[in-house]
Amino acid sequence: MTAQPHGSEPIIPRPERTVGALRVALAQVAPYRIAEFEAQKDQAFDQAAEQGSVGPVQMFLLAWSRDIEIERHPATATRYRNAVHAAQVLDKDDLDWKSAMDEVSRILGEAMQAVRD
């Protein structure tokens, strides 16, 4: 397991990578995202059925594991939201926009690494 991002202590244990476990974890760390989770879950299962592949479901589970990993660490989640907001409102020619995008990328990468370990 990797070190906690920037010293932020997790508020819940890392959930298993299952629909049920991720839904329970999400309800604890970011309940306002449940509708988004459910819509993406339905879409992933529909795509899996259409394609005859579990790939869309696996990608759904991995993406939400990553997002919940970020939300488990309040300081990291705040840094992530601030960086996303800055990237959305700053002009792309602004040096701070590049810094914000680098921070978003770094946080996403760290979270993905953590859930893959």
Completion exercise
Correct closest heavy-atom pair for S65 and V115 would be O-CG1, 3.5 Å
Exercise for the section: Return yes if some donor-acceptor pair links the side-chain N/O of W97 with the main-chain N/O of A87 below 3.5 Å, else return no. Expected result: yes
Problem - Within one Ile-Leu-Val-Met-Phe-Trp-Tyr cluster: M59 and V54, side-chain cutoff 4.5 Å - result: no
Handout entry: ILVMFWY network linking I107 to V84, side-chain heavy atoms under 4.5 angstrom
Key = yes
Fill in the blank from the handout: Here the pair of heavy atoms bringing L90 nearest to D94 is CD2-OD2, 3.8 Å
Practice task
Flag the pair L108 / Y80 as yes when at least one side-chain heavy-atom distance between them is below 4.5 Å, and no otherwise.
Solution key: yes
Practice task
Quick one: closest heavy-atom pair of R17 and L61, and the distance?
Solution key: CG-CB, 3.6 Å
Exercise for the section: Sorted by first residue and then second, give each salt bridge (charged side-chain N to carboxylate O under 4.0 Å, His left out) pair with at least one member in residues 21-39; sequence neighbours left out. Expected result: R23-E38, R33-E36, R33-D67, E38-K41
Exercise for the section: Determine, step by step, whether L62 and M112 satisfy the side chain to side chain contact (heavy atoms under 4.5 Å, CB included) criterion, reporting the C-alpha distance in whole Å, the side-chain angles of both residues, the deciding distance to 0.1 Å, and the verdict. Expected result: CA-CA 8 Å; L62 185 59; M112 185 63 77; 3.6 Å; yes
Exercise for the section: Can you see which heavy atom on V29 is nearest to which on I68, and at what distance? Expected result: CG2-CG2, 4.4 Å
Problem - R66/E69 ion pair, N-O < 4.0 Å - result: no
Practice task
Tell me, yes or no, whether the heavy-atom count around Q28 atom CD, taken from other residues, nucleotides or ligands under 6.0 Å, exceeds 12.
Solution key: yes
Exercise for the section: Would you mind listing every salt bridge (charged side-chain N to carboxylate O under 4.0 Å, His left out) that reaches into residues 45-65, with sequence neighbours excluded? Expected result: none
Problem - Check: I11 and P74 side chains under 4.5 Å, non-hydrogen atoms - result: yes
Problem - A44 to V57 - nearest heavy-atom pair and separation - result: O-CG2, 4.0 Å
Handout entry: Test log, rule side chain to side chain contact (heavy atoms under 4.5 Å, CB included), inputs H73 and E9
Key = CA-CA 6 Å; H73 304 274; E9 290 298 320; 5.9 Å; no
Practice task
Can you tell me which residue pairs pass the ring pair (Phe, Tyr, Trp, His ring centres under 6.0 Å) test with a partner in residues 29-52, sequence neighbours excluded?
Solution key: F37-F60, F37-W64
Exercise for the section: Could you grab the distance from atom CD1 of I12 to atom CD of E71, nearest 0.5 Å is fine? Expected result: 9.5 Å
Exercise for the section: Using a strict 4.0 Å threshold on nitrogen-to-oxygen distance, state whether R106 and D102 make a salt bridge. Expected result: no
Problem - Neighbour count above 12 (heavy atom, 6.0 Å) for R81 CZ - result: yes
Exercise for the section: Check whether any side-chain heavy atom of E103 sits under 4.5 Å from a side-chain heavy atom of N82, and report yes or no. Expected result: no
Completion exercise
Looking only at heavy atoms, the pair that brings P56 and Q51 closest together is CG-OE1, 3.4 Å
